[in-house]
Every structure is written in structure tokens, then in C-alpha cells.
Amino acid sequence: QVQLVESGGGLVQPGGSLRLSCAASGFTADSYSIGWFRQVPGKEREEISCMSSSDDSKYYADAVKGRFTIYRDNGKNTGYLQMNSLKPEDTAVYYCAVDRAGDCYIDGESLFEADVWGQGNQVTVSS
């Protein structure tokens with residue numbers, strides 16, 4: 001069964017850190033671009049980061065640039081999102097996804113089209 005299983009969410013205080021994991025099973029994800037999205041109730045899902053499989057180049061939305069880092073461990077068939085300096089406005093359900101296209105963005109514009117989604121993972125930033 002082809003799936004992405006997320007882990008690592010939870011409750012953290014402002015200024016704290018969390019690392020989200022996205023483990024692929026049923027397929028080898030190293031030829032896929034990986035993306036991370038988030039959604040709050042009443043708003044559309046927004047893309048916050050992606051990593052192209054063609055050259056490991058990375059895209060970050062302005063809201064997370066300098067605080068979040070996307071990376072992958074192909075040996076573990078897993079992608080990660082390291083989140084530092086978390087703010088209350090980062091509170092959301094976070095989703096990972098993969099796209100079989102080699103490039104996930106061009107000239108700062110996202111090309112990402114998800115082929116497989118993770119189940120979502122709640123991140124709450126609150127004191």
C-alpha cells in the first residue's frame with residue numbers, strides 16, 4: 001500500500017522547536033519531490049516548503065523562511081521538516097506530500113502537484 005505516515009507534531013511553547021517526519025511506504029520516495037503544507041480551520045491549505053528531487057533545491061514560503069528547514073534521508077525513505085523559533089501563528093495541521101515531478105518550483109513559483117498525501121499532524125504553539 002502506497003502511503004505517507006507523519007509523526008512528530010504536538011504542543012510546544014513559542015520559541016520552541018519540533019521536527020516533523022514523513023515516512024514513505026509501498027514505494028521508493030527518493031525520485032519524488034517532497035512538500036510540506038499546513039492548514040488552519042476556515043483557510044485554504046498553504047504550501048510552506050518543498051524540496052526538488054532533481055537537485056535537492058529547496059523552496060520556503062516567506063512566513064517560514066529562516067526558521068524551518070526541509071530535508072530528507074533517502075536511506076530511511078523519510079522526509080523531515082525541522083521547525084525552529086515557532087510562533088503561535090504556526091499553529092495548524094501540517095501535511096506532507098510527494099510529487100513525482102523532479103522540480104517542485106521555478107523562479108520562486110511552486111509547481112508542486114501532490115501524488116500522495118500524508119494523514120496530517122497537529123502542531124500547536126501556545127504558552
Side-chain angles (χ1 to χ4, degrees):
Q1 182 179 2
V2 172
Q3 61 178 350
L4 297 173
V5 178
E6 299 181 41
S7 60
L11 172 65
V12 64
Q13 292 187 342
S17 297
L18 283 175
R19 188 183 73 166
L20 302 181
S21 299
C22 177
S25 63
F27 69 107
T28 302
D30 60 358
S31 62
Y32 288 70
S33 296
I34 184 170
W36 287 93
F37 298 73
R38 67 186 182 187
Q39 188 170 25
V40 298
K43 292 190 175 182
E44 291 188 358
R45 189 175 299 184
E46 65 168 333
E47 182 177 358
I48 55 173
S49 183
C50 71
M51 184 172 179
S52 296
S53 62
S54 61
D55 61 1
D56 287 346
S57 59
K58 302 171 185 179
Y59 160 86
Y60 296 98
D62 287 343
V64 306
K65 198 173 295 183
R67 300 186 298 121
F68 291 11
T69 302
I70 187 172
Y71 63 102
R72 64 199 303 164
D73 184 336
N74 290 334
K76 295 182 178 180
N77 216 21
T78 299
Y80 301 93
L81 185 69
Q82 177 67 43
M83 305 185 294
N84 298 330
S85 303
L86 282 161
K87 305 174 182 180
E89 51 264 42
D90 293 318
T91 296
V93 177
Y94 284 71
Y95 298 88
C96 66
V98 292
D99 176 358
R100 67 188 66 198
D103 297 311
C104 69
Y105 73 98
I106 184 169
D107 295 332
E109 296 293 325
S110 176
L111 302 173
F112 198 93
E113 295 186 0
D115 291 299
V116 184
W117 286 96
Q119 83 277 13
N121 208 350
Q122 178 69 46
V123 171
T124 302
V125 185
S126 175
S127 56

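On a predicted model such as this, the values are computed, not experimentally measured, just so you know. Here, residue 1 is the first one in the sequence, and each next residue gets the next number.
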* Which value, rounded to the nearest 0.5 Å, describes the distance between Asp99 atom CG and Ser53 atom OG? ->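 Here the rounded value is 8.0 Å.
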* **Inter-residue atom distance Arg38.CZ - Arg45.CZ, 0.5 Å rounding** =>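 Going from the CZ atom of Arg38 to the CZ atom of Arg45 covers 13.5 Å.
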* salt bridge (charged side-chain N to carboxylate O under 4.0 Å, His left out): pairs with one or both residues in residues 47-72, sequence neighbours excluded ->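 Found Asp62-Lys65, Arg67-Asp90.
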* **salt bridge (charged side-chain N to carboxylate O under 4.0 Å, His left out) partners of residues 9-27, not counting sequence neighbours, each pair once** =>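 Sorted pair list comes back empty.
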* **Minimal non-hydrogen separation, Thr78 against Ser21, with atom names** =>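 The answer is CG2-CB, 4.3 Å.
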* Asked: Any donor and acceptor pair, going by atom type alone, linking the side chain of Ser49 with main-chain N or O of Trp36 inside 3.5 Å?
  ->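 No: the side chain of Ser49 does not pair with the backbone of Trp36.
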* Asked: Hey, is the main chain of Phe27 close enough, under 3.5 Å, to the side chain of Asn77 for a donor-acceptor pair?
  ->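 It does hold such a pair.
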Please report, to 0.1 Å, the donor-acceptor pairs under 3.5 Å made by any side chain of residues 80-88, with sequence neighbours excluded.
unit_1, atom_1, unit_2, atom_2, d
Gln82, NE2, Asn84, OD1, 2.9
Asn84, OD1, Ser17, OG, 2.9

* Partners meeting side chain to side chain donor-acceptor pair (under 3.5 Å) with Thr69 (sequence neighbours left out) ->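 Testing Thr69 for side chain to side chain donor-acceptor pair (under 3.5 Å), a comparison that skips the adjacent residues, returns none.
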* Please go through Leu11's hydrophobic cluster and name the other residues, only I, L, V, M, F, W, Y counting, with side-chain heavy atoms under 4.5 Å joining them. =>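 For Leu11, no cluster forms, as it stays isolated from other hydrophobic side chains.
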Look at the side-chain heavy atoms of Ile, Leu, Val, Met, Phe, Trp and Tyr, link any pair under 4.5 Å apart, and say whether [X] and [Y] land in one connected group.
X: Val64; Y: Val12; value: yes
X: Ile34; Y: Leu18; value: yes
X: Phe112; Y: Ile106; value: no
X: Tyr95; Y: Met51; value: no
X: Phe37; Y: Val98; value: no

* Asked: Is there side-chain contact between Leu111 and Glu109, with heavy atoms separated by less than 4.5 Å?
  ->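 No; the side chains remain at least 4.5 Å from each other.
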* **Pairs touching residues 48-67 that satisfy ring pair (Phe, Tyr, Trp, His ring centres under 6.0 Å), sequence neighbours left out** =>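 Counting only pairs at least two positions apart or across chains, the ring pair (Phe, Tyr, Trp, His ring centres under 6.0 Å) contacts touching residues 48-67 are Tyr59-Tyr105.
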Under 3.5 Å, which donor-acceptor pairs do the side chains of residues 114-125 form with other protein atoms, sequence neighbours left out?
unit_1, atom_1, unit_2, atom_2, d
Asp115, OD2, Arg100, N, 2.8
Asp115, OD2, Arg100, NE, 3.4
Gln119, OE1, Glu6, N, 2.9
Gln119, NE2, Glu6, O, 2.9
Asn121, ND2, Ser7, O, 3.3
Gln122, NE2, Ala92, O, 3.4
Gln122, NE2, Thr124, OG1, 3.3

* Residue pairs passing the disulfide (SG to SG under 2.5 Å) test where at least one lies in residues 89-127, sequence neighbours excluded ->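 Output for this query lists Cys22-Cys96, Cys50-Cys104.
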* Identify, with sequence neighbours excluded, every residue that meets salt bridge (Lys or Arg N to Asp or Glu O under 4.0 Å) alongside Glu113. =>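 Partners of Glu113 by the salt bridge (Lys or Arg N to Asp or Glu O under 4.0 Å) criterion come out as none, since no residue qualifies.
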* To do: Sequence neighbours left out, what passes ring pair (Phe, Tyr, Trp, His ring centres under 6.0 Å) with Phe68? Give chain and number order.
  =>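 Residues passing ring pair (Phe, Tyr, Trp, His ring centres under 6.0 Å) with Phe68: none at all.
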* **Test ring pair (Phe, Tyr, Trp, His ring centres under 6.0 Å) applied to Tyr94 - qualifying residues, sequence neighbours left out** =>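 So Tyr94 forms no ring pair (Phe, Tyr, Trp, His ring centres under 6.0 Å) with any residue.
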* To do: Go through the structure and list residues passing side-chain contact (heavy atoms from CB on, under 4.5 Å) with Ser25, not counting sequence neighbours.
  =>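 Applying side-chain contact (heavy atoms from CB on, under 4.5 Å) to Ser25 gives Gln3.
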* Atom CD of Glu89: over 12 foreign heavy atoms under 6.0 Å ->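 Counting neighbours around CD of Glu89, more than 12 heavy atoms of other residues, nucleotides or ligands fall under 6.0 Å, so yes.
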